Asks: 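Pasting in a structure now, in structure tokens, and then I'll have a few things to ask.
Worth saying up front: this structure is predicted, and the values here are computed from it rather than measured.
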Amino acid sequence: MRETLSAAAGRLRARIESFLPPSAFLPAAEPEKLRRFLTVLLCAWGAVWFVAPLLALDNAFIDVPENIIWGSYFQFGYDKNPYLGAWIGYLGSLLTGNSLWNSYLLSQVFVVTGLWAVWRLSLRMTSPAGAFLAVIFLLGVNFYGIKSVELCDDVMELGFWPLLIWSFYCSLKDGNRIGSWLLTGFLAGCCFMIKYYGAVLFVSMFVVMLATPEGRRAFRRPGPYLGAVLFAVMCLPNLIWLGGNDMVAFRYAFDRAALDDGAPAFAFTYERLLKYPLRSFTRTLSVLIVPLIPFFLLFFRRDDAMPSGRFDRRFVAILAWGPFILTLLFSVVSGGSINYSWVVPCFPLLGLFFVLWFKPYINAFSLRAFTGFILLLGVVFVTIFVVRSLWQQPYLKRGCDYENFPGKALAARLTAEWRRQYAVPLPFVIGDRRESCNIAVYSTDRPEAYFSANPNFSQWIDENEIREKGALILFDGRKKRRPKWLGRLAEAGFAMTPEIRIEEERAVPGWFRALAGAPKSDSYVYCFIPPQAGAGAEPARP
């Protein structure tokens with residue numbers, strides 16, 4: 001039976017090969033030619049995704065102004081994340097004159113850097129053609145396209161995770177040099193201080209060390225321990241900060257994961273065992289399957305001569321799937337919901353995994369065809385992003401997205417109204433993240449943001465200063481979105497002017513507005529906490 005099936009498969013393969021063009025039996029391009037083409041392609045990819053949001057958006061994604069506001073207050077932690085992402089976001093804004101276009105540039109710097117690290121790692125494990133294929137494969141994953149334009153912690157991880165994996169591999173394979181382990185410890189600290197989710201990568205790395213002879217030998221050398229010390233030094237300030245701020249970032253993570261819904265621990269509920277993990281698995285699979293289908297259609301022949309070392313296969317398998325599997329296990333054990341954006345950095349080794357484990361026969365035809373498919377897919381991704389940003393979200397969608405929020409218009413309008421009434425710069429803005437972040441960044445007075453009137457969210461705020469200098473209060477005009485923190489301000493004795501409801505059109509680039517007309521409008525409500533008589537205001541923040 002087995003011989004019969006093998007013979008049938010051989011006949012089918014021969015029949016398929018008879019239809020292939022001559023280039024299907026020619027080797028891929030020379031290594032140097034592949035390297036030059038990949039360099040040009042990655043630079044072009046980054047340039048396109050840098051320009052696309054500049055043309056299609058007229059307001060920043062919410063994480064961009066949030067990081068700028070956080071980073072402008074030098075702390076070793078913030079209410080959602082550790083410190084490094086906020087510092088990077090603020091530094092990018094500061095170096096470009098408080099502009100926001102730098103966020104689109106920096107996001108692509110992280111993406112291209114991560115892809116370059118995958119290329120360097122792949123060259124050590126497989127042929128130049130295999131390494132090229134491993135990188136090109138990733139461009140077909142939407143995490144490196146539409147999801148990559150917002151400079152948030154997930155996008156920063158697209159750069160830091162592959163760098164850490166590459167450094168970790170070099171540490172294990174290049175004689176356990178102390179310098180390599182120190183670099184690994186430093187990059188691990190960067191990953192963790194970007195986002196605590198880096199822990200799933202660290203656990204996977206530890207599994208590599210336990211499951212391989214090279215990893216077990218490393219435990220007998222000082223390098224891993226010195227790297228761990230450097231990692232601890234980078235994380236210690238944040239841990240101290242968390243201890244002094246009621247572990248606020250972890251509380252936020254538990255809220256996002258729906259771990260405070262009152263369900264008993266280890267309860268065997270449908271949500272715990274199936275719903276949340278299955279939802280995350282299917283959503284992720286819908287993204288990963290896009291490049292997988294053409295991969296197996298074009299590379300159906302195996303090449304047993306392709307280099308594929310035992311350690312390399314184990315290393316890649318564990319790190320390609322370990323973080324995602326651990327995330328699913330976390331959901332099963334804890335009952336927590338998995339936020340879709342968490343898994344964005346989990347798959348930098350996915351293409352390399354299929355190259356090493358499947359060992360595809362890479363010829364000139366298949367590599368060109370697959371590259372052409374990925375380039376066409378990139379055009380589709382860009383088109384979807386532009387159409388969605390310019391038309392679907394501002395003109396058709398029922399609710400207003402962060403990137404179409406009228407931050408510039410509201411900031412200009414309400415800052416002018418404050419100055420007309422009180423003749424001093426606007427010192428504070430109170431609102432939920434969307435409203436307060438946009439006003440704080442887009443207003444020429446650069447007021448301080450008081451997130452949801454909660455001192456745990458804005459540790460830099462002194463409410464006595466707000467009583468003295470006054471503030472703008474802004475929130476969504478829909479009745480069901482009326483914030484509960486307004487009641488706390490009233491109970492705390494803050495004097496507030498009567499509420500005023502206004503309409504503002506969604507943010508759309510001027511060139512498209514001239515073609516398509518006015519977009520949808522949304523309602524907002526604002527009022528002021530008047531400054532005390534004779535109270536001045538500090539100069540606007542830089």
Asks: Going from SG on C190 to CZ on F160, what distance comes out if it is rounded to the nearest 0.5 angstrom?
Replies: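 Rounded to the nearest 0.5 Å, the SG-CZ separation comes to 4.5 Å.
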Asks: Examine the side chains of S148 and Q108 and answer whether a donor and an acceptor come within less than 3.5 Å of each other.
Replies: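 Looking only at side-chain atoms, Q108 and S148 do form a donor-acceptor pair, the distance falling under 3.5 Å.
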Asks: Do NZ/NE/NH1/NH2 and the carboxylate oxygens of E30 and K33 come within less than 4.0 Å?
Replies: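 No salt bridge links E30 with K33.
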Asks: A131: which residues meet the side-chain contact (heavy atoms from CB on, under 4.5 Å) condition with it, sequence neighbours left out?
Replies: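 Here the qualifying residues are W119, S122, L123, T126.
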Asks: Determine whether D63 and Y402 satisfy the following criterion, side chain to side chain donor-acceptor pair (under 3.5 Å), listing intermediate values before the conclusion.
Replies: CA-CA 9 Å; D63 282 7; Y402 290 127; over 6 Å; no
Asks: Side-chain donor-acceptor contacts of residues 213-225 below 3.5 Å, not counting sequence neighbours, with atom names and distances?
Replies:
{"residue": "R216", "atom": "NH1", "partner": "L210", "partner atom": "O", "Å": "2.9"}
{"residue": "Y225", "atom": "OH", "partner": "F219", "partner atom": "O", "Å": "2.7"}

Asks: Using the ring centroid of each side chain, check whether W49 and F381 are separated by less than 6.0 Å.
Replies: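 For W49 and F381, the ring centres are not under 6.0 Å apart.
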Asks: I want to know whether F354 and F358 have ring centres closer than 6.0 Å.
Replies: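 No, ring centres 6.0 Å or more apart.
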Asks: Under 6.0 Å between ring centres: does that hold for F299 and Y361?
Replies: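 Centroid separation for F299 and Y361: 6.0 Å or greater.
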Asks: Quick check with a 6.0 Å cut-off and a 45 degree axis cone: is R283 positioned over the face of Y340's six-membered ring?
Replies: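 Because its charged atom sits under 6.0 Å from the ring centre and within 45° of the axis, R283 does stack over Y340.
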Asks: With distance as the sole criterion, is a donor-acceptor pair present between the side chains of D312 and Y169 under 3.5 Å?
Replies: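 Distance-only check passes for D312 and Y169.
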Asks: Would you mind telling me which of D154, T327, D153 makes a side-chain contact (heavy atoms from CB on, under 4.5 Å) with Y197?
Replies: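 In the set D154, T327, D153, the residue that makes a side-chain contact (heavy atoms from CB on, under 4.5 Å) with Y197 is T327.
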Asks: Could you walk me through whether W70 and D79 pass side chain to side chain donor-acceptor pair (under 3.5 Å), step by step?
Replies: CA-CA 9 Å; W70 280 339; D79 67 291; 3.2 Å; yes
Asks: Are more than 12 heavy atoms, taken from residues, nucleotides or ligands other than F281, located less than 6.0 Å from that residue's CZ atom?
Replies: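 Counting other residues, nucleotides and ligands, CZ of F281 stays at 12 neighbours or fewer.
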Asks: Filter on salt bridge (charged side-chain N to carboxylate O under 4.0 Å, His left out), then keep only pairs touching residues 120-136, sequence neighbours left out; what's left?
Replies: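 Salt bridge (charged side-chain N to carboxylate O under 4.0 Å, His left out) check on residues 120-136 returns R124-D174.
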Asks: If you look at every heavy atom in V287 and N142, which pair is closest and at what distance?
Replies: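 It is CG1-N, 3.6 Å.
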Asks: Can the ring centres of F76 and Y83 be said to be less than 6.0 Å apart?
Replies: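 Yes, the ring centres sit under 6.0 Å apart.
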Asks: Quick one: which residue pairs count as a salt bridge (charged side-chain N to carboxylate O under 4.0 Å, His left out) with a foot in residues 387-405, not counting sequence neighbours?
Replies: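 Pairs touching residues 387-405 that pass the test: K397-D401.
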Asks: Might you point out which heavy atoms bring M234 and P237 nearest each other, and give the distance in Å?
Replies: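 Result for this residue pair: O-CD, 3.6 Å.
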Asks: Is it the case that the side chains of W181 and N176 hold a donor-acceptor pair, with the cut-off being a distance below 3.5 Å and no angle test?
Replies: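 Note: N176 and W181 side chains meet the donor-acceptor criterion.
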Asks: Which residues pass the side-chain contact (heavy atoms from CB on, under 4.5 Å) test with F202, sequence neighbours left out?
Replies: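 F202 satisfies side-chain contact (heavy atoms from CB on, under 4.5 Å) with L164, A188, C191, F192, M205, F231 once adjacent residues are dropped.
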Asks: Apply side chain to side chain contact (heavy atoms under 4.5 Å, CB included) to the pair V386 and L55, showing each step before the final yes or no.
Replies: CA-CA 8 Å; V386 171; L55 295 177; over 6 Å; no
Asks: Can you tell me how far the CG atom of L41 sits from the CG atom of L375, to the nearest 0.5 Å?
Replies: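 Output value for this atom pair is 5.5 Å.
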Asks: Measuring from R314:CZ to T212:OG1, what's the distance to the nearest 0.5 Å?
Replies: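 Interatomic distance, R314 CZ to T212 OG1, rounded to 0.5 Å: 7.5 Å.
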Asks: Could you give the distance from OG (S93) to CD1 (I88), rounded to the nearest 0.5 Å?
Replies: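 Output value for this atom pair is 14.0 Å.
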Asks: Might you work through the side chain to side chain donor-acceptor pair (under 3.5 Å) test for N238 and Y196, ending with a clear yes or no?
Replies: CA-CA 11 Å; N238 177 251; Y196 301 119; 2.6 Å; yes
Asks: Between V112 and L42, does the side chain to side chain contact (heavy atoms under 4.5 Å, CB included) criterion hold? Intermediate values first, please.
Replies: CA-CA 6 Å; V112 173; L42 293 185; 4.3 Å; yes
Asks: Centroid-to-centroid, F315 to F168, below 6.0 Å?
Replies: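 Yes, ring centres under 6.0 Å apart.
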Asks: Step by step, work out the side chain to side chain contact (heavy atoms under 4.5 Å, CB included) result for V141 and L288.
Replies: CA-CA 6 Å; V141 178; L288 302 184; 4.0 Å; yes
Asks: Test of understanding: with side-chain contact (heavy atoms from CB on, under 4.5 Å), list the residues that count as partners of V290, not counting sequence neighbours.
Replies: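 Once residues adjacent in sequence are excluded, the partners of V290 under the side-chain contact (heavy atoms from CB on, under 4.5 Å) criterion are L377.
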Asks: Could you check T184 against S167 for side chain to side chain donor-acceptor pair (under 3.5 Å), going step by step and ending with a plain yes or no?
Replies: CA-CA 5 Å; T184 299; S167 177; 2.7 Å; yes
Asks: Apply side chain to side chain contact (heavy atoms under 4.5 Å, CB included) to residues L57 and V508 and explain how you reach the verdict.
Replies: CA-CA 6 Å; L57 298 177; V508 179; over 6 Å; no
